[in-house]
Amino acid sequence: MVRRVSASRIGSVAVVPALAVCVLSLVAGCGGSGGDKLPAADDPVAWAGRMCASLQPLSAVKMASPKLDPNNPAVSKYALSTYFASAEQAAGQSVEGLSQAGPSPIPGGDDVATKLHGALERLQTAYHNAKAQIDDIDPNDPVALGTRLPDIFKSLVAASNDKDLETIGTNQALNDAVKKAPSCSLVPAASPPDAGSPDLPDSPAAPRAPN
């Protein structure tokens, strides 16, 4: 089901067995990374579309949620390490894409982009650190993974709840542009994991604009 994007909220909460994990929800759209800044966008809707499209790489994280095996710590460790590596790369691509969006024609839009850029960098760092900590766990220790996961997820919760991820919703002009931008409206909303599923929570859903 496709839902219209909104800019009022970028965080979502889902549950990993025995652990509540907040994972960032971000816009999905079309776009890519690499190269210089795009030509200036004088149309607020076009610029909002670029912002949405720049965050597309994080939508792939949802599709790659790892399968955890409570009876096989080595398999779960590998799945988490791979997931965090992919999430770190996706966050980095979104940082790069947002940098290429160019100056905002929306008053206050550049401030929003700057804060969002910083929050994405912090998220990227959190995923990097999470992978390093997972990689440090002995896969032959049957309790090490479960013992270390709460602290690992704690840093991801903090990055997911970064206040600067909420800045989109504070700019009404940007909210209005997000409502009209095609790349911000065609966004698959993230759904919670099935009950009892060992999967990590879905990654990106989108910022929501007020009705």
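Fair warning: this is a prediction, and the values are worked out from it, not measured in the lab.
Formation of a donor-acceptor pair under 3.5 Å by the S54 side chain with backbone atoms of M51 is found in this model. A donor-acceptor contact shorter than 3.5 Å links the side chain of D110 to the backbone of S104. Not a single donor-acceptor pair under 3.5 Å links the side chain of W47 to the backbone N or O of A177. In this structure a side-chain-to-backbone donor-acceptor pair under 3.5 Å is present from S183 to G49. Between the K77 side chain and the D138 main chain, no donor and acceptor come within less than 3.5 Å of each other.
Applying the 6.0 Å contact sphere to NE2 of H128 captures no more than 12 heavy atoms from other residues, nucleotides or ligands.
Note: Y83 OH to L68 CG = 10.5 Å, rounded to the nearest 0.5 Å. Taking NZ of K163 as the start and CD of E166 as the end, the distance is 11.0 Å to the nearest 0.5 Å. Of the inter-residue distances, the one linking S94 atom OG with H117 atom NE2 reads 10.5 Å to the nearest 0.5 angstrom. With rounding to the nearest 0.5 Å, the separation of CD1 in I152 from OG1 in T147 is 10.5 Å. Interatomic distance, K67 NZ to D69 CG, rounded to the nearest 0.5 Å: 12.0 Å. A distance of 12.0 Å separates CG in N129 from CD1 in I134, rounded to the nearest 0.5 Å.
In terms of heavy atoms, A48 sits closest to V178 at CB-N, 4.0 Å. Shown here for P44 and D42, the closest heavy-atom pair between the two residues is CD-O, 3.5 Å. The two atoms that bring S155 and A126 nearest to each other are O-CB, 4.2 Å, heavy atoms only. Here the shortest heavy-atom pairing between A173 and N171 reads N-OD1, 3.1 Å.
Taking hydrophobic clusters as Ile, Leu, Val, Met, Phe, Trp and Tyr residues chained together by side-chain heavy-atom distances below 4.5 Å, I106 does not share a cluster with V45.
Using a 3.5 Å distance cut-off with no hydrogens or angles, the side chains of Q172 and D176 do pair a donor with an acceptor.
Ring planes of Y127 and F84: tilted class, angle from 30 to 60°.
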(request) For side-chain contact (heavy atoms from CB on, under 4.5 Å), just list the numbers for D136 and R148, CA-CA rounded to whole Å, side-chain angles, deciding distance to a tenth of an Å, and then say yes or no. (result) CA-CA 10 Å; D136 190 50; R148 297 277 298 275; 3.9 Å; yes
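Within the 4.5 Å cutoff, the side chain of L116 has heavy atoms near those of the L55 side chain. Looking at heavy atoms from C-beta onward, P139 lies out of side-chain contact with P73 at the 4.5 angstrom threshold.
Residue pairs meeting the salt bridge (Lys or Arg N to Asp or Glu O under 4.0 Å) criterion with at least one partner in residues 116-132, sequence neighbours excluded, are R122-D162, R122-D164, K131-D135.
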